[in-house]
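The next block holds one structure in the form of structure tokens; read it before the comments.
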Amino acid sequence: MYRLVCIGCGAEYAPDEVIYRCRTCGHLLAVKYDLDSLNISRAEWDRRPLKLWRYREILPVTGDPVSLQEGGTPLYHMKRLGEELGLKNLYAKHEGMNPSGSFKDRGMTVGVSMAMQLGMKQVACASTGNTSASLAAYAAKAGMPAVVLLPAGKVALGKVAQALMHGAKVIAIRDNFDRALEMVHDLCISEGIYLLNSVNPYRLEGQKTIGLEVVDQLGDVPDRIVLPVGNAGNISAVHKGLGELIELGFIDRMPMMTGIQAAGSQPVVEAIAGNLPEVIPFKEPETIATAIRIGAPVNAEKALRAIRETGGTADSVTDEEILAMQRDLARKEGIGVEPASAASVAGIKKMVEDGRIDPDERIVCVVTGHLLKDPETVIRQCEPPIEIDADIQSLLSVLR
Ligand code: F0G
């Protein structure tokens with residue numbers, strides 16, 4: 001049992017209504033469950049496999065979901081990197097291990113299932129890449145046509161390859177993500193297509209399971225959860241999920257929600273630092289971490305609340321810091337991530353160096369997408385393979 005509730009004025013909408021913003025005040029909506037009436041047992045959850053649908057009682061899908069077996073991603077203890085930073089309890093939740101290689105699959109298994117449940121015939125999104133790759137895959141699984149709008153020339157190669165191969169209609173616009181999102185929103189409203197960006201409250205329902213899994217894997221609530229922030233949906237989603245665990249009496253405190261942005265697109269960081277009531281968009285966001293190259297985060301209101309209510313913070317890292325951490329994660333921990341994902345850990349490194357982190361803190365960094373998403377940025381940082389003649393002498397001479 002659930003309804004859609006406006007986060008601004010509290011107006012309520014029925015769950016079968018296709019609506020993304022409040023008709024009265026224009027704010028976004030959130031899914032609200034009647035948790036008292038739900039029969040949820042933690043022991044029952046524990047008996048199920050560690051996968052997203054373990055938590056189905058607090059997900060909005062009633063029938064069989066459109067699933068590619070998402071969730072249940074590894075939580076790694078980062079021993080070597082942690083020691084270097086003086087942190088004994090530093091973890092990475094590797095969301096790149098989802099079916100299409102990013103956390104977006106959590107949102108899409110729920111979002112595309114809801115498209116089916118609501119009787120929609122077509123789905124669409126704007127994307128910096130991962131959302132489009134994931135939507136394309138889940139729409140393929142559902143047998144539904146998908147349209148994706150990308151900022152031309154600013155999407156990593158692997159993500160475009162996925163969207164194309166899974167059969168979406170891929171359209172590149174000569175502008176940035178923020179404009180693509182406006183356009184796809186208008187398209188969906190006028191054409192009756194189901195919008196699967198994170199303005200869709202059901203997307204975030206899937207993504208909240210990151211936080212639920214962290215608690216189950218750690219056996220406790222971490223002191224801090226750190227996420228890279230672009231459109232600010234994921235940090236809002238994780239906060240919401242943990243809030244529901246508190247309401248259910250399964251946990252008794254919140255981690256400090258911590259968002260990391262790239263220095264060239266950091267409206268959330270500036271809003272937190274300046275104690276502003278809302279974000280001031282960046283007109284021309286720029287960063288090598290194209291996944292989070294976003295100037296007007298649509299979920300900023302939810303994210304600012306999540307950060308402020310939990311005593312968390314937001315900070316930014318430079319492209320150099322992002323790439324250095326991408327290499328460190330790969331070479332010291334064996335964790336291969338795309339640049340945006342390295343931002344969460346790079347942010348913690350910076351905060352440790354500034355003396356803003358208690359070394360005893362238990363910290364979970366969400367690393368959001370796989371290394372193979374952006375092979376071009378990887379190759380540019382590495383020496384090319386050493387090519388030799390096919391004889392042992394040549395081999396030994398390059399190894400000496
Ligand atoms: N990390 C990666 C790898 C992402 O792809 C994204 C967002 C984020 C972090 C930020 O998450 O937007 O919820 O704050 N990618 C979106 C996309 C915008 O279109 O794929 P957020």
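Remember, it's 1-based here, ligands and their atoms both numbered in the order they're listed. For clarity, every value in this text was computed on a predicted model and none was experimentally measured.
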Task: Heavy-atom nearest option to atom 8 (C) of ligand 1, drawn from Ile292, Leu150, Leu227 - done: Ile292
Open item on the list: For the 3.5 Å polar cut-off, considering only N or O atoms, please tell me whether Lys159 and ligand 1 meet it.
Closed with: no
Task: Nearest protein heavy atom with distance in Å, relative to atom 12 (O) of ligand 1 - done: Asn231 N, 2.7 Å
- [ ] Starting from atom 1 (N) of ligand 1, find the nearest protein heavy-atom neighbour and note its residue, name and distance.
- [x] Thr368 OG1, 2.7 Å
TODO: Under 4.0 Å, heavy atoms only, figure out whether ligand 1 is touched by the backbone of Ala291, its side chain, both or neither.
DONE: both
Task: atom 7 (C) of ligand 1 [closest protein heavy-atom partner, distance rounded to 0.1 Å] - done: Lys104 NZ, 3.0 Å
TODO: Report, in ascending order of atom number, the atoms of ligand 1 lying under 4.0 Å from any heavy atom of Asn130.
DONE: 2 (C), 3 (C), 4 (C), 5 (O), 20 (O)
TODO: Return the orientation label for the Tyr20 and Tyr194 ring planes: parallel under 30°, perpendicular over 60°, tilted otherwise.
DONE: tilted
Open item on the list: Below 4.0 Å, non-hydrogen atoms only: which portion of Gln207 touches ligand 1? Side chain, backbone, both or neither.
Closed with: neither
- [ ] Using a strict 4.0 Å cut-off to heavy atoms of Glu338, name the atoms of ligand 1 that fall inside it.
- [x] 3 (C)
- [ ] Could you pull out the closest heavy-atom pair between Pro339 and Gln326, with the gap in Å?
- [x] CD-NE2, 3.7 Å
TODO: Considering only non-hydrogen protein atoms, determine which one is nearest to atom 17 (C) of ligand 1 and report residue, atom name and distance to 0.1 Å.
DONE: Thr131 OG1, 2.9 Å
- [ ] Below 4.0 angstrom from a heavy atom of Gly233, which ligand 1 atoms are there? Numbered from 1 as shown, please.
- [x] 13 (O), 14 (O), 21 (P)
Task: Protein heavy atom at shortest distance from atom 13 (O) of ligand 1 - done: Asn234 N, 2.8 Å
Open item on the list: Out of all atoms in ligand 1, which are within 4.0 Å of some heavy atom of Val229? Include the element for each.
Closed with: 14 (O)
Open item on the list: Do the side chains of Lys350 and Glu353 get close enough for a salt bridge, i.e. N-O under 4.0 angstrom?
Closed with: no
Open item on the list: In this structure, does ligand 1 have an atom that sits under 4.0 Å from one of the heavy atoms of Ser102?
Closed with: no
Task: Which of the ligand 1 atoms, numbered from 1, are nearer than 4.0 Å to a heavy atom of Thr128 - done: 15 (N), 16 (C), 17 (C), 18 (C), 19 (O), 20 (O)
- [ ] Step by step, work out the side-chain hydrogen bond (donor to acceptor under 3.5 Å, both in side chains) result for Gln69 and Trp53.
- [x] CA-CA 8 Å; Gln69 302 187 24; Trp53 290 101; over 6 Å; no
TODO: Determine, for Lys159 against Glu338, whether the closest basic-nitrogen to carboxylate-oxygen distance falls under 4.0 angstrom.
DONE: yes
Open item on the list: Any carboxylate oxygen within less than 4.0 angstrom of a Lys/Arg side-chain nitrogen, looking at Lys332 and Glu84?
Closed with: yes
Open item on the list: I need the atoms of ligand 1 closer than 4.0 Å to a non-hydrogen atom of Phe103, numbered in the order shown.
Closed with: 1 (N), 2 (C), 4 (C), 6 (C), 8 (C), 9 (C), 11 (O)
- [ ] Decide whether Gln261 and Ser316 meet the rule of one side-chain donor and one side-chain acceptor closer than 3.5 Å.
- [x] no
Open item on the list: Between Leu4 and Tyr202, is there a side-chain heavy-atom distance shorter than 4.5 Å?
Closed with: yes
TODO: For the pair Asp358 (side chain) and Asp360 (backbone), establish whether a donor and an acceptor sit closer than 3.5 Å, ignoring hydrogens and angles.
DONE: yes
Task: Residue-ligand contact Ile294/ligand 1, heavy atom below 4.0 Å - done: yes
Open item on the list: For atom 10 (C) of ligand 1, what is the closest protein heavy atom, and at what distance to 0.1 Å?
Closed with: Gly230 N, 3.5 Å
Task: Charged N-O contact under 4.0 Å between Lys51 and Glu213 - done: no
Open item on the list: Among Thr368, Val366, Leu329, Ile335, exactly one meets side-chain contact (heavy atoms from CB on, under 4.5 Å) together with His94. Which residue is that?
Closed with: Ile335
Open item on the list: Can you confirm, on distance only, whether ligand 1 has an N/O atom lying under 3.5 Å from any N/O atom belonging to Ala232?
Closed with: yes
Open item on the list: Quick one: does any side-chain atom of Asp178 pair with a main-chain N or O of Ala296 as donor and acceptor, under 3.5 Å?
Closed with: yes
Open item on the list: Under a 4.0 angstrom heavy-atom cut-off, which atoms of ligand 1 come close to Ser127?
Closed with: 17 (C), 19 (O), 20 (O)
